[in-house]
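A quick write-up on the structure given underneath.
Start at 1 and go down the list; that is how both ligands and their atoms are numbered. All residue numbers in this chain count up from 1 along the given sequence.
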Amino acid sequence: MTFTLSPLPYATDALAPYMSAETFSFHHAKHHQAYVTNLNGLLEGKPLANESLEAVITTAAKDPAMAGVFNNAAQVWNHTFFWSSMKPGGGGKPTGKIADMMDRDLGGYDEFVKAFKAAATTQFGSGWAWLVQDGDKLAVTKTGNADLPLVHGKKALLTCDVWEHAYYIDYQNRRPDFVQAYLDHLVNWDFANVNLG
Ligand code: MN3
């Protein structure tokens, strides 16, 4: 099996002005594609190439000699998940079961926003901010570089890419402004609700 670049779930200009078509022309067509190409190169002729992306990630995570495979496989997964974590006309307060869980586990939407912004802006260097399901509870977390909740026994519900390449074209160095726009205008709560286990 060869891994392929997942198409975006919307047009490249659908999230403008909060995320521009120019950002997608680099972030999806070049960065995300490069992780796919690198992963296929690293797995060429190996049995692991026939496994699912999740199996590649969890296998590689246990073997320090497979750091390159882990980093590229996880970044393929993280980016596909990130594109679906956003939608045109998204953002604002959640709906559905997530809204109830947020009140119960995180102290409500305003507290979630504070925690998510803190996770996204205090991740030093490259990484990801996440809303996860940890057991039967919601939690906000962050990971560095390619790391992801899957290898920490948590279920990802939503993510925001805080690598500089995610926001530099549209926001330059202003990561907090990008995270605010993500929360106010982009978050796809339908996707988060579907991901609940
Ligand atoms: Mn990225």
Legend entry - Heavy-atom pair of closest approach, residues Thr122 and Lys142: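 It is OG1-NZ, 2.9 Å.
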Legend entry - Partner residues of Ala99 under the side chain to side chain contact (heavy atoms under 4.5 Å, CB included) criterion, sequence neighbours left out: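 For Ala99, the residues satisfying side chain to side chain contact (heavy atoms under 4.5 Å, CB included) (neighbours in sequence not counted) are Pro94.
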Inset, instruction - If you link ILVMFWY side chains whenever their heavy atoms are less than 4.5 Å apart, which other residues fall into the same cluster as Phe26? By chain and number, please. - result: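 Its cluster partners, ordered by chain and number, are Ile169.
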Just list the side-chain donor-acceptor pairs under 3.5 Å for residues 108-116, sequence neighbours left out, or say none.
residue, atom, partner, partner atom, Å
Tyr109, OH, Gly92, O, 3.3
Glu111, OE2, Lys114, NZ, 3.1

Legend entry - Pair Gln75, Asn72: side-chain N/O donor-acceptor within cut-off below 3.5 Å: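 Note: Gln75 and Asn72 side chains miss the donor-acceptor criterion.
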Legend entry - Heteroatom count (protein N, O or S) under 2.8 Å of the Mn ion (ligand 1):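 My tally for this metal is 4.
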Legend entry - Identified side-chain hydrogen bond (donor to acceptor under 3.5 Å, both in side chains) counterpart of His79 within the set His27, His28, His31: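 It is His27, the one option of His27, His28, His31 that forms the side-chain hydrogen bond (donor to acceptor under 3.5 Å, both in side chains) with His79.
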